[in-house]
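Structure first, commentary second.
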Protein chains: 2
Amino acid sequence: MAIGRPTQSSSQAPDTGAARRPSRARGIPEATVARLPLYLRALTALSERSVPTVSSEELAAAAGVNSAKLRKDFSYLGSYGTRGVGYDVEYLVYQISRELGLTQDWPVVIVGIGNLGHALANYGGFASRGFRVAALLDADPGVVGSTAAGLPVRHMDELESIVETQQVSIGVITTPPGAAQQVCDRLVESGVTSILNFAPTVLTVPDGVDVRKVDLSIELQILAFHEQRKAGEEPDRTDSVLDRAPGPVRAAAAKLRRAAGGTAKAEPAKSTAAKTAKATQPPAGGEGDLSAVMPA
Amino acid sequence: MAIGRPTQSSSQAPDTGAARRPSRARGIPEATVARLPLYLRALTALSERSVPTVSSEELAAAAGVNSAKLRKDFSYLGSYGTRGVGYDVEYLVYQISRELGLTQDWPVVIVGIGNLGHALANYGGFASRGFRVAALLDADPGVVGSTAAGLPVRHMDELESIVETQQVSIGVITTPPGAAQQVCDRLVESGVTSILNFAPTVLTVPDGVDVRKVDLSIELQILAFHEQRKAGEEPDRTDSVLDRAPGPVRAAAAKLRRAAGGTAKAEPAKSTAAKTAKATQPPAGGEGDLSAVMPA
DNA sequence: TAGATTGTTAATCGATTAACAATC
DNA sequence: TAGATTGTTAATCGATTAACAATC
């Protein structure tokens, strides 16, 4: 029973939880790094309101975390606060920006200008945090040559030269899932070392390349899980109580199922279960245009 | 120094890492729940290729995790494997689907039909995992009445009746950040108890309401952090070496800065730092259309 | 000085992982 | 029976949190 190539991705920390590589470069924990943008956003809002200083309690509230966590996070950056007073807003904005690498310019390429790619391209706010759209790329001749957000959509063939001449190190993949790994490979080969993947695909990348993913489908499924719990224990179920029966009973049932199935396709054994699943959860495919965001 | 309302969100587990409420309903850890959709996707692909069984090693590779973790995750669901053989693909697809609540239908409303909302609406794949777009909503009369993906965009005023009549429990927010909390409040008041937030805003919700967020800006910033590390220690910096000086020196410098600044606006003291930050990182605002995805 | 608030410690909790006995 | 692979244990690691001494 062969499976597609073995996968492996380096520091994929996304919602899945853990970071792959320790990556606490200079000792900042990954969980802290992930919260710095949150603090920065809250601080920027305070800055715009000309608030000079803020306490850990207030800032934590604005960022939606607890204050002990915030103080611990900041302690990794240094001692930027003043006991009895709080934190200097402007100074902290600068320190966090610098720590995140936002005091420099980051050229970004977006590959796959479908609905989502178009939407991202249209977003003028890229620039506001030091991110600059270096190019929009697509493989479809029907899309190449059109413009999105004032930028021309260029052909994938130009990828390598664009990445090289503009020193692009971050790539955004908004292609359909089928093309994602291939696009990823080309990005990496061109010299891109950070990838933000919107395609519902597990990307394989060499060591030293970071991949983060944004996956609408996964988020919705996690919400559904919790939602199901709220709606009273065990909603309507077509399958038998055996699934929730105590260990021995369930094990015996499973044994029966498999015994009946044999080695070949085991169709009859798992019949009820499999058919029910198929009914409410078709194999997908022939999706809409945003196929990049959910599994095909 | 007042700050906006204190924030608090229930089980916001996103990239930020930790889950707010334990929420391990019936004992399934949050980290495991977040990986179930990943396994399900890999299993669905195997199912389509008619692969009957799969080992933890193979499935783990396909899902991009290690096999010990996968086996541990599955052990929370029950004993669905067969020693010496592996897991029955179809049966596992069904069990995970059921555990995630995907064997039932989940009506979803999308609020804010800008570029991103439009993109999501156009995505036909919603249905493929049991999610159904119940309605598209917008507050802008210029948008209301248009169609997206064959569905009419309806006015926000219809929110309450739609949620009630169609039993909607999941809402997706793709509005500009300024409107997100207000929209969230209305969703919650209407009866929605799970929210997927694309607006770069910390949402405040009552207990019992789950919020997950998708934040392009944060993902890019995390990538930038790691990217900065790769490019050799400390890239070009306009600010002084003091920022990276050993503790005592840095502390002394900070003290000076604050002493010079006084209580008022402390402008001169942090001048260099603050100005540098402003230069490369303008206060944003006047963003493009996808303002819902990145901070304004 | 008295009050406020940071920065750090230490306890706790949850998640990851290797290893292996159980068992197909 | 021998080989393969699960399910579980236990060790380890990382993240969270309350509490409080340091110090503004």
Side-chain angles (χ1 to χ4, degrees), chain A residues 1 12-13 15-24 27-35 53-61 65-88 91-92 247 250-252 254-259 261-263, chain B residues 1 11-13 15-24 27-35 53-61 65-88 92 247 250-252 254-259 261-263:
Chain A
M1 62 199 78
Q12 185 119 331
D15 348 289
T16 294
R20 202 60 35 90
R21 84 142 126 80
S23 125
R24 5 183 324 169
I28 301 182
E30 192 60 34
T32 295
V33 171
R35 279 187 296 266
T53 61
V54 66
S55 71
S56 63
E57 201 67 55
E58 293 167 315
L59 184 55
V65 306
N66 89 32
S67 66
K69 194 188 286 185
L70 177 142
R71 286 198 300 278
K72 188 121 225 303
D73 285 341
F74 284 0
S75 77
Y76 292 112
L77 307 183
S79 294
Y80 294 152
T82 305
R83 288 166 142 104
V85 176
Y87 299 90
D88 181 301
Y91 186 60
L92 205 44
R250 199 174 56 229
K255 213 163 299 189
L256 275 174
R257 244 186 344 259
R258 283 188 294 259
T263 63
Chain B
M1 65 195 76
S11 90
Q12 185 119 331
D15 347 288
T16 295
R20 203 60 34 91
R21 82 142 128 79
S23 121
R24 3 184 325 168
I28 301 183
E30 192 58 34
T32 295
V33 172
R35 279 187 296 265
T53 61
V54 66
S55 72
S56 64
E57 200 67 53
E58 293 167 315
L59 184 55
V65 306
N66 89 34
S67 65
K69 194 188 287 185
L70 177 142
R71 287 197 301 276
K72 188 121 225 305
D73 284 341
F74 284 0
S75 77
Y76 292 112
L77 307 183
S79 294
Y80 293 152
T82 306
R83 287 167 143 101
V85 176
Y87 299 90
D88 181 300
L92 204 45
R250 200 173 56 230
K255 213 164 297 188
L256 274 176
R257 240 180 353 254
R258 283 186 295 261
T263 61

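Chain letters run A, B, ... following the sequence lines, proteins first and then strands; every chain starts at 1.
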*Is a donor on one side and an acceptor on the other found under 3.5 Å between the side chain of A/Thr82 and the backbone of A/Val85?*
no
*Between A/Ser55 and C/dT5, is there a side-chain N or O to OP1/OP2 distance below 4.0 Å?*
no
*Any side-chain donor near an acceptor of the partner, B/Asp73 and B/Thr32, under 3.5 Å*: yes
*Atom CZ of B/Arg71 to atom C1' of C/dA22: distance rounded to whole Å?*
13 Å
*Return the nearest nucleotide to the side chain of A/Asn66; candidates are D/dA15, D/dA18, C/dT6.*
D/dA18
*Nearest-nucleotide pick for A/Glu30, side chain only, options being D/dA15, C/dG7, D/dT17*: D/dA15
*Contact summary for B/Ser56 and B/Leu70, nearest pair of heavy atoms*: CB-CD2, 3.6 Å
*asked:* Side chain of B/Ala31 only, heavy atoms from C-beta on: which candidate in C/dT16, D/dA18, D/dT5 is closest?
replied: C/dT16
_Nearest to side-chain heavy atoms of A/Lys69, which nucleotide of C/dT16, D/dT16, D/dG7_ = D/dT16
*Heavy atoms under 4.0 Å, any strand shown: does B/Phe74 hit a base, just sugar-phosphate, or nothing?*
nothing
*asked:* In this structure, is the centre-to-centre distance between the rings of B/Tyr87 and B/Phe74 below 6.0 Å?
replied: yes
*Separation of B/Asp73 atom CG from D/dT6 atom P, in whole Å?*
14 Å
*Tell whether A/Arg83 reaches the base of C/dT5 with its side chain through a donor-acceptor pair below 3.5 angstrom.*
no
*asked:* Just to be sure I understand: a Watson-Crick pair is purine N1 to pyrimidine N3 plus N6-O4 or O6-N4, both under 3.5 Å. Using that and G-U wobbles, which stems of three or more pairs involve DNA chain C?
replied: C:3-24 with D:3-24
